[in-house]
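Take a look at the structure set out below.
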Amino acid sequence: MRPFDLTAPTTLEAAAGADGTFLAGGTTLVDLMKLNVLTPRRVLDINGLPLRGIDAGDGLRIGALERMSDIAAHPGVYPMISRALSLSASQQLRNMASIGGNLLQRTRCTYFRDVATPCNKREPGSGCPALEGANRMHAVLGTSDACVATHASDVAVALVALDAEVRLTGADGNRTVKLADFYRLPGDTPATENDLRPGELITEVVVPRLDWAANSTYVKVRDRQSYEFALCSAAVALEIRDSRIVDARVAAGGVATVPWRLPAVEATLRGEPVTLETFEKAASVAGEGAKPLSGNGFKVPLLRRTLVRALLELTEGSR
C-alpha cells in the first residue's frame with residue numbers, strides 16, 4: 001500500500017467536491033489499496049457525516065452510511081432487498097460495509113485486481129485478457145470487446161428491479177439518478193463505471209413505494225454458500241390476484257456487466273397464470289442478446305433455471 005493523507009470532514013459541505021477518495025466501511029477500498037489497484041493520495045473518512053437513517057414510511061429511504069446488516073434486519077425493508085443483503089459477503093463484512101459503498105464496489109475480476117496483468121478498467125487501452133483467458137465468472141450480457149467483467153453487488157440487482165434512485169451530492173449541489181441509469185455499460189470506456197462526477201458522493205438510496213413488493217425474493221447461486229460472489233442471481237417481485245400474475249419486477253445478477261433488468265421476462269409473466277409452464281416460458285427469453293465466452297456458456301441456461309427457481313419459491317402457496 002502506498003502512502004496517503006487521511007482526513008475526516010465533519011460536514012457534507014466540506015466533503016462534497018473535495019479532492020480525494022471517500023472511505024466508509026472500507027471493505028473494498030482498503031483491499032484494492034493493499035493490492036495497489038487503487039492508489040489514492042488523499043482518503044476522506046466520511047463516517048462522521050449525517051448520512052444514516054432508514055425511513056420506511058412512504059417508500060423507503062436509506063442513508064448511504066447505513067450498514068448492510070442493519071438494513072437487512074429492518075422490518076420495513078422489502079424481502080428482496082433484505083435477502084440480497086443477507087446473502088452478501090460474511091456477517092463481519094456486512095456489519096462494516098455501507099449501502100453506498102456496496103453500490104460503488106468494484107468488480108471482482110481477477111485481471112482487474114492483478115496489477116501484473118493488462119486491464120482496460122484499470123489502464124484504458126491495455127486490453128482485456130478475460131476475453132480469451134480464464135472467464136468462468138465473467139459476464140455474458142452487456143459486454144463489449146473492451147470488458148466482460150461482472151458487476152459484483154447483490155443488493156444493486158434488487159434495487160434496480162424496484163426502480164430505486166440514488167441521491168448524489170457534489171460541489172454543484174444535489175441531484176437524483178435512477179440506479180439503472182447510474183451504472184454504465186463498458187462499451188469502449190470500461191474505466192467509467194457509473195455516472196458519479198468528481199467529488200460527488202452517494203448520500204441516500206430511495207426506493208419508491210410498491211406495496212406488492214412485499215411478495216418478493218432474491219435467489220443467489222454460487223460455488224459455495226458462504227462469502228462467495230454470484231454465478232447467477234435473480235431478484236423477483238410479483239403481484240398476484242386470483243392465481244394470475246398482474247405485474248412483475250425481475251432483474252438478474254452475476255451474469256452481466258451491470259445489474260440487469262429483464263423487461264422481456266416481466267412482460268411475458270404479466271397476465272399469465274401462476275404455473276411452472278408460465279415461469280419456464282418467461283425464463284426462456286432471459287438470455288436474449290447473451291454473448292458467452294469460452295468458459296461461461298453455462299450461465300445462459302443457469303440464468304433461466306435460477307429465474308424459474310425464484311418464481312417457484314415466491315409462489316409456493318399460490319399454485
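- Using a 3.5 Å distance cut-off with no hydrogens or angles, the side chains of T217 and E313 do pair a donor with an acceptor.
- Among pairs with a residue in residues 272-299, none fulfils salt bridge (Lys or Arg N to Asp or Glu O under 4.0 Å), at least two apart in sequence or across chains.
- Between H151 and Y183, the ring planes are perpendicular. Angles over 60° get that label, and only those under 30° would be called parallel.
- Within the structure, every pair that satisfies the salt bridge (Lys or Arg N to Asp or Glu O under 4.0 Å) test and touches residues 180-195, not counting sequence neighbours, is listed here: R106-E193, K121-E193, R175-D195, R184-D195.
- Residues L162 and V219 fall into different hydrophobic clusters, defined by Ile, Leu, Val, Met, Phe, Trp and Tyr side chains chained together at heavy-atom separations under 4.5 Å.
- When hydrophobic side chains of Ile, Leu, Val, Met, Phe, Trp and Tyr are connected at separations under 4.5 Å, V115 ends up clustered with M1, F4, L6, L23, L29, V30, L32, M33, L35, V37, L38, V43, F112.
- When the side chains of ILVMFWY residues are joined at heavy-atom separations under 4.5 Å, either directly or via intervening members, I54 and V155 end up in a single hydrophobic cluster.
- Smallest separation of non-hydrogen atoms from A234 and A310: CB-CB, 4.2 Å.
- Counting non-hydrogen atoms of other residues, nucleotides and ligands closer than 6.0 Å to CG of D145 gives a total of 12 or fewer.
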Let's go through D247 and R270 carefully: what are the C-alpha distance in whole Å and the side-chain angles of both, what is the deciding distance for salt bridge (charged side-chain N to carboxylate O under 4.0 Å, His left out) to 0.1 Å, and is it a yes or a no?
CA-CA 5 Å; D247 206 351; R270 292 188 187 104; 2.7 Å; yes
Sequence neighbours left out, cut at 3.5 Å: what donor-acceptor pairs do the side chains of residues 249-257 make with other protein atoms?
from: R249; atom 1: NH1; to: A161; atom 2: O; distance (Å): 3.3
from: T257; atom 1: OG1; to: G142; atom 2: O; distance (Å): 2.7

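- Looking at every heavy atom in both residues, A213 comes nearest to A237 through CA-CB, 4.3 Å.
- Tracing side-chain contacts under 4.5 Å through hydrophobic residues (I, L, V, M, F, W, Y), one never reaches L311 starting from V157; they form parts of separate clusters.
- Residues passing the salt bridge (charged side-chain N to carboxylate O under 4.0 Å, His left out) test with K220 are D154, sequence neighbours excluded.
- Under the 4.5 Å side-chain contact rule for hydrophobic residues, I71 and Y218 do not share a cluster.
- Shown are L307, V236, I245; of these, the side-chain contact (heavy atoms from CB on, under 4.5 Å) with F279 is made only by I245.
- Here the CG-CG distance, from L103 to L196, works out to 11.0 Å after rounding to the nearest 0.5 Å.
- Note on L60 and L159: same hydrophobic cluster, where clusters join Ile, Leu, Val, Met, Phe, Trp and Tyr whose side-chain heavy atoms are under 4.5 Å apart, directly or indirectly.
- For the ring-ring contact (aromatic ring centres under 6.0 Å, His included) test, no residue two or more places apart in sequence or in another chain qualifies with F229.
- Residues S98 and A24 approach most closely at OG-CB, 3.5 Å, considering heavy atoms.
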